[in-house]
Amino acid sequence: MEAFEYRKGEMFVDRVPVSRLAERYGTPLYVYNRSYLLGQYRQLVTAFSEINPQIYFAIKANSSAAVISTFAREGAGADVVSGGELWRAIRAGVEPSKIVFAGVGKTVEEIDYALMEGIHCFTVESEPELERISQRAQVLNRPGRIAVRVNPDVDPKTHKYTSTGKKESKFGVDLERAMKAYELAASLPGLEIAGIHMHIGSPIMTVEPYAQALEKVAPVCRELKKKYPKFTQLDIGGGLGIRYRDEQEPFDVQGFAGVVIRYAKELGMSVGMEPGRFLVGNAGLLVCRVQYIKDNPFKKFIISDGGMNDLIRPALYEAYHKILPVKETADTVLGDLVGPVCESGDFLAAERALPKVKQDDLIAVRSAGAYAFAMSSSYNSRPRPAEVMVQGRKVKLIRAREKREDLVRGEKNPEW
Ligand SMILES: *Cc1c(COP(=O)(O)O)cnc(C)c1O
């Protein structure tokens, strides 16, 4: 399934023409298909129904309240990586008892906040963090439930910026040191050992890296289970890939579930998982309007009103996003799709066959539901785009377009 389709040559999201959304809300505009979000979530639930895992939506992928609550109503928890995300998750209706908190740099203030809210578990990334959580748990007299994030040292075959489970990564504790970290945790007052965690990178297109990681982590789990009675949870992280390119195979959810279920049963552990991109990535489009066609002697540029501040993945990760015309055309031109930002890195697509469009036409950037609006900025003093959600014929504005006043909110210009 796609989050959009063409009907009589016009792009629709569910029952609504994209051109109508652009007219009404302006461009650049983020559009999400709510039925698609639910479909992705339910696909996971169904594939894993045998073991009924807790799904924690990784809200850094898309932290809009309407998106978080779409999943929360289905029973999802949240994987958060900051106090701000924890606040957003609770505000959007996620039960604190279904929240896990990862990240290498948790501050005292963030730990205190999470302890007071009674979150399910901290995903602990280092030994000094264990000590800090122990201290705060004692001061506040709250249980500090933890899972140590281990690095299985497998290659997820993704961009180096999004590979997180190798030995040299800043995340987690390598497997050889894991037992020691758990011994430390057991010796510290106020901590409760709940389980183990891994997250090896993103996007992962095949089941193989997960299978390799579980193969390495399973023996450690067996030992830990013997030593610690409350060690019951295996959190396999996120990273499940999505199709950015037409030639990519969809992620094999069934095969993935098969592997995970086998380990879960063999180990006798309950499973948690933290998909972000898989749930939201292909539910979203960034709709932009062509401002100019610039025909240089050496290159053709399509200049759109959406740029790197709205969607930074191409500039940051050399990520590929498919570019689609909102009015269907089979004609293509070779060139770059760029934004108005004053940086050479400001492109949405580089040196590709792009739909043949003209000034004032609409184009849509596919796969713009994950790490898209969430990573946007107002660089170049460009107010950030609006976000809308569509279900059937219903359209809801879920975030208003920023105004110029928003650009200077909190700013002071003192007398000297
Ligand atoms: C980012 C992240 C995820 C989600 O990754 P996706 O590729 O979006 O599925 C899950 N767990 C942790 C700890 C993360 O940092």
Side-chain angles (χ1 to χ4, degrees), residues 37 40-41 43-44 48 53-64 67-68 71 76-82 84-86 88-89 94 98-106 110 114 119-126 129 146-152 154 156-166 169-173 195-207 209-210 213 217 233-244 248 250-251 253 256 260 271-284 313 316-317 319 367-375:
L37 296 175
Q40 292 297 100
Y41 185 81
Q43 194 186 336
L44 280 183
F48 283 88
Q54 180 59 52
I55 298 174
Y56 304 101
F57 169 48
I59 74 169
K60 75 175 185 291
N62 188 321
S63 29
S64 292
V67 173
I68 300 171
F71 298 125
D79 167 47
V80 304
V81 293
S82 70
E85 283 195 354
L86 176 53
R88 273 186 192 271
V94 183
K98 290 184 184 174
I99 294 178
V100 290
F101 189 171
V104 297
K106 300 177 195 79
E110 288 174 318
I119 66 160
H120 174 59
C121 189
F122 291 92
T123 301
V124 176
E125 310 249 7
S126 67
E129 187 189 327
I146 61 104
V148 175
R149 175 171 180 173
V150 294
N151 263 332
V154 298
K157 302 209 164 43
T158 179
H159 193 275
K160 62 179 188 297
Y161 288 1
T162 54
S163 168
T164 57
K166 304 239 289 167
S169 143
K170 78 170 175 179
F171 299 99
V173 174
I196 194 165
H197 178 279
M198 62 181 223
H199 172 68
I200 53 180
S202 180
I204 300 171
M205 296 312 296
T206 65
V207 177
Y210 290 103
V217 170
Q233 295 157 27
L234 172 63
D235 188 325
I236 56 174
L240 291 68
I242 58 167
R243 285 173 69 230
Y244 284 98
Q248 283 173 320
F251 185 78
V253 174
F256 175 59
V260 174
V271 167
M273 68 178 84
E274 305 166 346
R277 187 187 319 265
F278 177 83
L279 295 177
V280 293
N282 274 337
R313 297 188 70 255
L316 186 61
Y317 307 129
S367 313
Y371 306 105
F373 186 90
M375 284 186 149

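Every number for a ligand or one of its atoms is a count from 1 in the order of the listing. Position 1 is the first residue of the sequence; numbering continues from there.
For atom 13 (C) of ligand 1, the closest non-hydrogen atom on the protein side is Glu274 OE1, 3.5 Å. Scanning the protein for heavy atoms near atom 1 (C) of ligand 1, the closest one is Lys60 NZ, 1.2 Å. Of the protein's non-hydrogen atoms, the one nearest atom 7 (O) of ligand 1 is Ser202 OG, 2.3 Å.
The proximity of Ala58 to ligand 1, defined as any non-hydrogen pair under 4.0 Å, is limited to the side chain. Within the 4.0 Å heavy-atom criterion, the part of His199 lying near ligand 1 is the side chain and not the backbone.
Residues Gln43 and Phe251 are not in side-chain contact: their nearest non-hydrogen atoms beyond the backbone lie 4.5 Å or more apart. Looking at heavy atoms from C-beta onward, Leu37 lies out of side-chain contact with Leu279 at the 4.5 angstrom threshold. Val94 is not listed as a side-chain neighbour of Phe57, based on a closest heavy-atom distance of 4.5 Å or more.
The distance criterion of under 3.5 Å between nitrogen or oxygen atoms is met by Gly239 with respect to ligand 1. An N or O contact shorter than 3.5 Å is missing between His197 and ligand 1 by distance. When only interatomic distances are considered, the shortest N/O to N/O separation between Arg277 and ligand 1 falls below 3.5 Å. Here's the thing with Gly201: none of its N/O atoms is less than 3.5 angstrom from an N/O atom of ligand 1.
Asn62 places no side-chain N or O within donor-acceptor distance of the main-chain N or O of Phe373, the cut-off being under 3.5 Å. Put simply, the side chain of Glu125 gets close to the backbone of Gly103: a donor and an acceptor are under 3.5 Å apart.
No more than 12 heavy atoms of other residues, nucleotides or ligands lie within 6.0 Å of CZ in Arg88, so this atom counts as exposed by the packing criterion.
Of the candidates Phe57, Tyr56, Tyr371, the one placing a heavy atom closest to atom 5 (O) of ligand 1 is Tyr371.
Each of the atoms 9 (O) of ligand 1 lies under 4.0 Å from some heavy atom of Pro275.
Lys60 and Glu85 are not joined by a salt bridge, as no carboxylate oxygen comes within less than 4.0 angstrom of a charged side-chain nitrogen.
Using modelled atom types, one finds a donor on one side chain and an acceptor on the other under 3.5 Å when comparing His197 with Glu274.
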